[in-house]
K.L.:
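The following block contains the structure, expressed as structure tokens.
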Protein chains: 2
Amino acid sequence: MQHEWAVLEPTTLTERVYDVLRARIIEGDWGSGNFLREKEISGKLGVSRTPVREALARLAADGFLERIPHRGFKIPHNSANDLLDLYPILAALEVLAAAEGFKEMGKERLDALRSINESYRAAYALQDPKEGVRLNNQFHNLLTVDCTNPKLSQMILSLQAEVFRLECWALVNIHCWDVSIREHEELLNAIESSDYNEALKILEKNRSMTVHDFSNFTEKETD
Amino acid sequence: MQHEWAVLEPTTLTERVYDVLRARIIEGDWGSGNFLREKEISGKLGVSRTPVREALARLAADGFLERIPHRGFKIPHNSANDLLDLYPILAALEVLAAAEGFKEMGKERLDALRSINESYRAAYALQDPKEGVRLNNQFHNLLTVDCTNPKLSQMILSLQAEVFRLECWALVNIHCWDVSIREHEELLNAIESSDYNEALKILEKNRSMTVHDFSNFTEKETD
DNA sequence: GGTGAGTATATTGCATTCAATGTTCAATGT
DNA sequence: ACATTGAACATTGAATGCAATATACTCACC
């Protein structure tokens, strides 16, 4: 048999700028409220303003930036409310995506999920909030990755990234990890014993769990 | 009390081009698979390629166009599958949005919804498929318009527009209108008698109803 | 001292130009 | 006749320059 030939996807500068900026925004490299200046970014990346503008526009369309006409693109003001808005949406969509996937989940996937959850537990023991947020995100990501509905899959990925960014920012407020970790276990056990309705119920509960005790949290402005 | 002063939103050419193109795409002015040429559009609108490019990029991000690097933007291939993918998502999100709204729905809104549904029935009697699609969309739109979750609201609006475009295209295949109309009535009655759980169940069923009998439907290519 | 007009500066929006890529089609060789 | 090559063309991608808009600042005026 011949070698498998990987197809060379045609790419553009805009695409690469988008990837770079998206990663940095999610990592929280800019404080909320800060404007991303086209000239500064294009200078640092060594490209013209055009691909930067296009990348910023895409990021705004994806919800990672807020666009203000004639003023620019800025990191949206982080707020607990945004998380409260996102959780129920993500819960509904993840349940929808997982509904089919659960039935065909093999042992290797269950093991991978258990492994992630164990790392999650370790991060909890070490009080490493950023790592915990990352692992929780990874867990949910792997749970819904084989969704056969492409539109749904794409929406979930985008929302998970947005939630990830906000949770990275709100680190200290993500508590109750022990509950979250226990729920993940129960979820996997339910899947393993083919109790899919129970699994879906747990998943929905798990996604909205962190909602509590956000109420008295207000943002520290940076602009 | 002073007059209400509508804030003058600063606008851009890109924005206006976006609105124009979006409306035309939804109306089905281009056949599926056709490329939208930047030069042609900018010429007809009397602007340069730049705002057209930005508008097209936004439309692609919103799912109204498919972007192929170095080739251009084209109308996505319509397919029944896309509708099948969208319906369950929209069902889940509309249920989520409506869950709160139902409880505070006043009489004037119920009347408005009934009125739309009557027009829907009239369109059915006249066998006017496009008008029916439009009214069904309007019904669902008004049902979820007061959603207090801005992110959810925005997602629903975008999905409703995409479904609208596809349903306009698939006109002949939207049948079972009588069932849809009856369900709308039952939905409104359930809301009126404060039976919200029942209302939500009907809404979800209604959104996935048109799914049947699409299976043997294949697209006529145009490129 | 505070307020407001007017100017200067910074930044985005748009147009234009050039470069890179993809496509078409005729010429060439087998 | 068919496949392949390469050149002409069309189209998008990116860079540059200019115009429009927003903000910051200065200075006169109350």
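Naming: A, B, ... by sequence-line order, numbering from 1 per chain.
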K.L.:
Decide yes or no, distance alone: a donor-acceptor N/O pair under 3.5 angstrom between the base of dA14(D) and the side-chain of S48(A).
P.N.:
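No such pair is found, so the answer is no.
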K.L.:
Looking at R37(B), I'd like to know whether one of its side-chain N or O atoms comes within less than 4.0 Å of OP1 or OP2 on dA10(D).
P.N.:
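No, R37(B) has no side-chain N/O under 4.0 Å of OP1/OP2 on dA10(D).
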K.L.:
OP1, OP2 of dT12(D) versus side-chain N and O of R53(B): anything below 4.0 Å?
P.N.:
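So the side chain of R53(B) is outside the cut-off, no N or O lying under 4.0 Å from OP1 or OP2 of dT12(D).
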K.L.:
Could you check how far CG of N34(A) sits from P of dT11(C), rounded to whole Å?
P.N.:
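N34(A) atom CG is separated from dT11(C) atom P by 13 Å.
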K.L.:
Of T50(A) and P69(A), whose nearest nucleotide on DNA chain D comes first from the 5' end?
P.N.:
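That would be T50(A).
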K.L.:
Looking at T14(B), I'd like to know whether one of its side-chain N or O atoms comes within less than 4.0 Å of OP1 or OP2 on dG13(C).
P.N.:
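No, because none of the side-chain N or O atoms of T14(B) sits under 4.0 Å from OP1 or OP2 of dG13(C).
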K.L.:
In whole angstrom, give the distance that lies between atom NE2 of H70(A) and atom P of dT9(C).
P.N.:
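In whole Å, dT9(C) P lies 22 Å from H70(A) NE2.
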K.L.:
Taking the basic N atoms (NZ, or NE/NH1/NH2) and the acidic carboxylate oxygens, is any pair closer than 4.0 Å for R109(B) and D146(B)?
P.N.:
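Salt bridge: yes.
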K.L.:
Minimum heavy-atom separation for I156(B) and L93(B), please, with both atom names.
P.N.:
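So the minimum-distance heavy-atom pair works out to CD1-O, 3.5 Å.
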K.L.:
Check the phosphate of dT11(C) against R71(A), side-chain N and O only, distance under 4.0 Å to OP1 or OP2. Yes or no?
P.N.:
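No, no such contact exists.
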K.L.:
Should F35(B) and W30(B) be marked as a ring-ring contact (aromatic ring centres under 6.0 Å, His included) after you check the CA-CA gap, both sets of side-chain angles, and the distance that decides it?
P.N.:
CA-CA 9 Å; F35(B) 279 89; W30(B) 284 278; over 10 Å; no
K.L.:
Please work out if I68(A) contacts a base, only the sugar-phosphate, or nothing of the nucleic acid, heavy-atom cut-off 4.0 Å.
P.N.:
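Nothing, no nucleic acid heavy atom in range.
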K.L.:
In plain terms, say whether E15(A) and R58(A) are close enough for a salt bridge, that is, a side-chain N and a carboxylate O under 4.0 Å apart.
P.N.:
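Here E15(A) pairs with R58(A) in a salt bridge, since their nearest N and O are under 4.0 Å apart.
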K.L.:
Look at the side-chain N and O atoms of R67(B) and state whether any lies under 4.0 Å from the OP1 or OP2 oxygen of dG13(D).
P.N.:
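Yes, R67(B) has a side-chain N/O under 4.0 Å of OP1/OP2 on dG13(D).
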K.L.:
Quick check: does any side chain N or O of S42(A) sit under 3.5 Å from a backbone N or O of E38(A), one acting as donor and the other as acceptor?
P.N.:
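Looks like yes, one N/O pair under 3.5 Å.
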K.L.:
Separation of E38(B) atom CD from dC14(C) atom P, in whole Å?
P.N.:
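Value for this atom pair: 15 Å.
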K.L.:
Please report, rounded to the nearest Å, how far the C1' atom of dA15(C) is from the CG atom of L45(B).
P.N.:
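Distance check: L45(B) CG to dA15(C) C1' gives 15 Å.
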K.L.:
To the nearest Å, give me how far apart CG (L13(A)) and P (dT12(D)) are.
P.N.:
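Answer to the nearest Å: 18 Å.
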K.L.:
Tell me: CD of E54(B) to P of dT12(D), nearest whole Å?
P.N.:
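Nearest whole value for this atom pair: 15 Å.
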K.L.:
Is the side chain of S158(A) donor-acceptor paired with the backbone N or O of Q154(A) at a distance under 3.5 Å, no angle test?
P.N.:
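It does not hold such a pair.
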K.L.:
Between E27(A) and K130(A), is there a side-chain N and carboxylate O pair less than 4.0 Å apart?
P.N.:
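Salt bridge present between E27(A) and K130(A).
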K.L.:
Taking for each residue the nucleotide of DNA chain C with the nearest heavy atom, is it P10(A) or R49(B) whose nucleotide lies nearer the 5' end?
P.N.:
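Its nearest nucleotide lies further toward 5', so the answer is R49(B).
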K.L.:
What is the distance, rounded to the nearest whole Å, between atom CZ of F73(B) and atom P of dA10(D)?
P.N.:
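Checked: the CZ to P distance equals 21 Å.
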K.L.:
Let me know the distance between NZ of K74(B) and P of dT12(D), rounded to the nearest Å.
P.N.:
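Rounded to the whole Å, the gap is 14 Å.
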K.L.:
When we call it a touch if two heavy atoms are under 4.0 Å apart, what does L36(B) touch: a base, just sugar-phosphate, or nothing?
P.N.:
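Here L36(B) touches the backbone only, sparing every base.
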K.L.:
Is DNA chain C part of any stem, that is, at least 3 consecutive Watson-Crick or G-U pairs with both distances under 3.5 Å, and where?
P.N.:
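Output for stems: C:1-30 with D:1-30.
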K.L.:
Classify the nucleic acid contact of T12(A) as base, sugar-phosphate or nothing, counting any heavy atom under 4.0 Å across all strands shown.
P.N.:
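Sugar-phosphate, no base atom in range.
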K.L.:
Any carboxylate oxygen within less than 4.0 angstrom of a Lys/Arg side-chain nitrogen, looking at E162(B) and R165(B)?
P.N.:
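No, no charged N to carboxylate O under 4.0 Å.
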